[in-house]
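To find a chain, count down the sequence lines: A is the first, B the second, and so on, and within it residues start at 1.
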Amino acid sequence: MELSEQEIIRRNSLQEIISLGINPYPASKYEITANSEEILKDFNAEKGNFQDISLAGRIMSRRMMGKASFVELQDSHGRIQAYVNRDFICPGEDKEFYNTVFKRLLDIGDIIGVKGDVFITQTGETSIRVKELTILSKSIRPLPVVKEKDGVVYDAFTDPEQRYRQRYIDLIVNPHVREAFIKRTKLTNSMREFLNSRSYLEVETPILQPIHGGAAARPFKTHHNTLDQTLYLRIANELYLKKLIVGGFDGVYEFAKDFRNEGMDRFHNPEFTQMELYVAYKDYFWMMDLVEEMVEKIALDLNKTTEIQVGEHLINFKRPWKRFTMFEAIEHFTGVDISQMDEKQLFETARKLNVPVDETMGKGKLIDEIFGEKCEGNLIQPTFITDYPVEMSPLAKKHRSKAGLVERFEAIVNGKEICNAYSELNDPLDQRERFEQQLELGKRGDEEAMMLDEDFLRSIEVGMPPTSGLGIGIDRLTMIMTNSASIQDVIFFPQMRAEKKEQIDGKEIFINAGIPETWVQVLQTIGFKTFKSLSEQKAAKLHQDLCGYNKKNKLDLKNPSIDEVKKWTGE
RNA sequence: GACUCGUUAGCUCAGCUGGUAGAGCAACGGCCUUUUAAGCCGUGGGUCCUGCGUUCGAGUCGCAGACGAGUCACCA
């Protein structure tokens with residue numbers, strides 16, 4: 001591994017700390033009696049509280065002024081300034097701990113513990129007067145230094161690739177990132193509270209499934225060795241949860257990681273989280289009321305208001321939300337009533353509306369296309385869209401009064417679907433037909449068509465009570481609640497292409513092959529990390545590159561002869 | 001998968017019509033006992049993403065590739 005100048009300096013500092021008899025990675029626990037947030041909030045100089053406290057955190061900035069210094073410490077609650085005075089931490093004659101260890105060997109990024117009293121400086125900043133300082137963990141990799149004044153951030157750490165690949169750094173230096181993730185957890189806590197208060201049972205169902213079902217999507221495929229059997233990572237857990245309703249539970253839910261082998265963009269990550277809920281003896285109207293109530297509660301829990309600024313829009317989750325049937329929505333946005341149209345008329349209408357269509361599309365698909373093109377993006381405030389075409393919804397119950405439709409709704413917020421729910425199909429014969437239609441689609445090449453799940457059908461045949469089911473996208477909801485533009489901002493470790501890892505040979509491998517050490521340095525710098533890579537290069541070219549590098553960087557080394565270089569490459 | 005943009009010091013970024021690679025922060029050596037994007041003096045740090053080509057000469061121009069971002073398609 002090649003180290004930067006700063007990394008080498010830090011490693012040297014680490015060795016020096018050790019040789020001074022200080023363990024830079026002590027094993028024993030460090031007692032903490034206060035955190036930055038409570039000190040800044042509750043310190044009162046007249047009361048004289050927060051005396052003799054102990055706090056641990058990461059050094060985020062240092063301001064040295066000779067015998068006195070200030071460091072900003074960041075703990076999990078925020079930042080607080082510590083005042084480090086030479087004569088306080090080195091009361092005796094020996095000032096080495098301050099002069100050498102603190103001033104020279106500690107760095108931004110190191111984690112330290114401090115004991116002392118809280119006071120207010122002349123400039124009015126609540127600070128800790130440090131009486132004792134303990135190194136808890138030495139950092140040997142420099143951290144980006146982000147500074148801020150009057151709300152202006154200087155040298156912000158913004159490169160998306162580095163932020164997502166090294167989320168730990170993102171979390172350290174970008175406080176708003178922390179906040180978004182804390183909100184994500186508050187969101188799931190709030191939702192879980194809501195569901196538990198209604199006595200629904202939180203359950204776990206298989207992620208590895210022999211048949212992937214419950215949604216239309218391409219799966220990830222894997223293999224179990226002992227069973228010698230193909231397994232799929234789940235794309236949904238719907239069918240398993242319904243089996244539990246058959247089994248006699250009245251309400252079951254699961255926060256489920258689902259996996260879909262499809263495109264990635266700012267709204268899609270290959271693994272994502274859904275909360276699915278199934279409640280017996282309910283229908284989709286009932287479920288709409290539940291969604292409104294639950295999401296309104298979440299907004300209040302997270303932001304203390306039902307209004308949330310998302311991009312340019314102020315979104316209000318206050319109940320009740322607008323409700324449109326799909327046909328009403330299309331009429332509202334296009335002025336065309338399609339409710340009585342047959343396939344041919346729909347096709348013509350779509351063409352007139354400039355909705356891209358092709359001959360393979362059936363009635364349901366055409367309606368869905370028109371809705372997607374003309375309506376969905378315009379629905380900014382929370383809106384329920386109800387009554388979808390049966391062709392799109394093989395697991396939803398036929399509409400109680402409207403032929404060709406199912407009892408299904410989606411909630412659309414900021415132009416995006418956040419949840420999907422049905423009155424669940426519990427007629428086993430109808431369900432079997434729907435699966436068979438899906439099989440037909442599959443044969444015609446629809447890779448997302450559902451597979452026929454005999455065990456699921458068997459359970460429905462045993463008898464499932466009328467049930468309403470819901471799937472709500474946790475990532476999407478979090479994006480809205482935190483005003484995040486990308487799903488990658490609400491998933492700690494979003495999927496990315498694997499980093500290429502470089503193989504690097506130790507210097508001695510080159511030296512043992514007869515290459516002078518000074519040239520080993522140059523060779524590795526210009527890209528020959530392994531000895532083997534030399535043999536893949538022509539000696540003449542290598543010779544030129546080496547001499548060129550020597551000249552360009554004014555190394556003043558004696559150039560090797562072409563014959564020497566030939567020996568290195570084995571020519 | 002297609003198109004557009006990006007990749008220069010540890011971080012954030014300049015670098016014009018091709019001519020010896022720059023700044024701020026960070027680092028290093030000094031000075032400084034209540035500072036706060038601390039300050040002052042000094043120093044070091046770069047296969048300019050990779051490869052090929054054009055050229056006397058490429059960070060800069062051309063082609064190919066890697067990685068990332070955005071838009072579109074599929075999808076939650």
Minimum-distance nucleotide to A:P144 side chain [options: B:C11, B:U33, B:C13]: B:C11

Describe the nucleic acid contact of A:E410 in one word from base, sugar-phosphate, nothing, applying a heavy-atom distance below 4.0 Å. nothing

Residue pair A:E376/A:K147 against RNA chain B: nearer the 5' end by closest nucleotide is A:K147

Same-atom distance (P) from B:G30 to B:U35, integer angstrom: 24 Å

What residues, two or more places apart in sequence or in another chain, satisfy side chain to side chain contact (heavy atoms under 4.5 Å, CB included) together with A:E254? A:V203, A:E204, A:T205, A:R234, A:N237, A:L241, A:A256

Please measure how far the C1' atom in B:G44 lies from the corresponding atom in B:A23, and state the result in whole Å. 16 Å

Relative to each other, are the rings of A:Y98 and A:F102 parallel, tilted or perpendicular (30° and 60° limits)? parallel

Students often get this wrong, so: under 4.0 angstrom with heavy atoms, is A:M496 touching a base, only sugar-phosphate, or nothing? sugar-phosphate

Comparing A:E72 with A:F119, nearest RNA chain B nucleotide closer to 5' gives the residue A:F119

Quiz question: by atom type and distance under 3.5 Å, do the side chains of A:Y164 and A:D159 form a donor-acceptor pair? no

Take atom C1' in B:C74 and the same atom in B:G6, then report the distance between them in whole Å. 26 Å

Strand-adjacent residues in residues 79-92 of chain A, judged by heavy atoms under 4.0 Å from RNA chain B: A:Q81, A:Y83, A:N85, A:D87

Going by atom types alone, do A:Q81 and A:R63 pair a side-chain donor with an acceptor below 3.5 Å? yes

Students often get this wrong, so: under 4.0 angstrom with heavy atoms, is A:A156 touching a base, only sugar-phosphate, or nothing? sugar-phosphate

Here the gap from A:I472 atom CD1 to A:E410 atom CD, rounded to the nearest 0.5 Å, amounts to 12.0 Å

Reckon A:R62 touches a base, only the sugar-phosphate, or nothing at all at heavy-atom distances under 4.0 Å? nothing

For atom P, what is the distance between B:U43 and B:U47, given to the nearest Å? 22 Å

We want to know whether A:D387 and A:Y284 form a side-chain donor-acceptor pair, criterion being a heavy-atom distance below 3.5 angstrom. yes

C1' atoms of B:G22 and B:C48, separation to the nearest Å: 12 Å

Which atoms of nucleotides 1-6 of chain B (N or O only) lie under 3.5 Å from a protein N or O atom, and what are those distances?
none

Identify whether any heavy atom of A:N420 sits under 4.0 Å from a base atom; if not, whether one sits that close to sugar-phosphate; answer base, sugar-phosphate or nothing. nothing

Atom P, compared across B:A9 and B:C49: separation rounded to whole Å: 8 Å

A:Y240 vs A:Q209 side-chain heavy atoms within contact, under 4.5 Å: yes

What is the pairing partner of B:G1, taking Watson-Crick or G-U wobble pairs with both distances under 3.5 Å in any strand? B:C72

Only pairs with both distances under 3.5 Å count, Watson-Crick or wobble alike; so what is the partner of B:U7 in this structure? B:A66

Is A:R63 touching bases, backbone alone, or none of the nucleic acid, heavy atoms closer than 4.0 Å? base

What is the nucleic acid contact for A:R10, judged by heavy atoms within less than 4.0 Å: base, sugar-phosphate only, or nothing? nothing

All side chain to side chain donor-acceptor pair (under 3.5 Å) counterparts of A:T158, not counting sequence neighbours: none

May I ask you to say what A:E125 touches in the nucleic acid, namely base, sugar-phosphate or nothing, with a heavy-atom cut-off under 4.0 Å? base

Name the pairing partner of B:G45, where a pair is Watson-Crick or G-U wobble with both distances under 3.5 Å, or state none. none

Using only heavy-atom distances, decide whether a donor-acceptor pair under 3.5 angstrom links the side-chain of A:T123 to the base of B:U34. no

Per A:S127 side chain, nearest of listed nucleotides B:U12, B:G10, B:U35: B:U35

Measure all distances between protein nitrogen or oxygen atoms and nitrogen or oxygen atoms of nucleotides 41-44 of chain B, and list the pairs falling under 3.5 Å.
| unit_1 | atom_1 | unit_2 | atom_2 | d |
| --- | --- | --- | --- | --- |
| B:G44 | O2' | A:E5 | OE2 | 3.4 |
| B:G44 | N2 | A:E5 | OE1 | 2.8 |

Would you call the rings of A:W519 and A:W568 parallel, tilted or perpendicular, where under 30° means parallel and over 60° means perpendicular? tilted

Which nucleotide in the list B:C67, B:C32, B:G24 gets nearest to the side chain of A:M65? B:C32

Under the salt bridge (charged side-chain N to carboxylate O under 4.0 Å, His left out) definition, can you give me all pairs with a residue in residues 143-158 of chain A, not counting sequence neighbours? none

Can you check the distance between B:C16 and B:U60, where both ends of the measurement are the P atom (answer in whole Å)? 11 Å

Using atom C1' of each nucleotide, how far apart are B:G45 and B:G10 to the nearest Å? 10 Å

As a test of reading the structure: which of B:U33, B:A69, B:A26 is closest to the side chain of A:K67, going by heavy atoms? B:U33

Can a side chain N or O of A:R165 be found less than 4.0 Å away from OP1 or OP2 on B:G68? yes

A:R129 charged N/C atom sitting above A:F119 aromatic ring, 6.0 Å / 45°: yes

Row check, A:Y388 ring normal vs A:R408 NZ/CZ: under 6.0 Å, within 45°: yes

Using Watson-Crick or G-U wobble geometry with both distances below 3.5 Å, tell me the partner of B:C13, or none. B:G22

Quick check for you: among B:A69, B:U35, B:A26, whose closest atom lies nearest to any side-chain atom of A:Q488? B:A69

Under 4.0 Å between any heavy atoms, over every strand shown, what does A:D159 touch: base, sugar-phosphate, or nothing? Just pick one. sugar-phosphate

Side-chain donor-acceptor pair under 3.5 Å between A:N85 and A:Y83, yes or no? yes

Residue pair A:F492, A:F181: steps toward the ring-ring contact (aromatic ring centres under 6.0 Å, His included) verdict: CA-CA 8 Å; A:F492 273 127; A:F181 283 103; 4.0 Å; yes

Any donor-acceptor N or O pair under 3.5 Å, side chains A:S4, A:E7: yes

Just call it for A:G473: base, sugar-phosphate, or nothing, with non-hydrogen atoms closer than 4.0 Å on any strand. nothing

Considering only heavy side-chain atoms of A:R104, the closest of B:G29, B:G10, B:U34 is B:G29

B:A38 pairs with, by Watson-Crick or G-U criteria that keep both distances under 3.5 Å: none

Proximity to the side chain of A:S4 - top-ranked nucleotide from B:C11, B:G10, B:U35: B:G10

B:G68 phosphate, OP1 or OP2: any side-chain N/O from A:R497 under 4.0 angstrom? yes

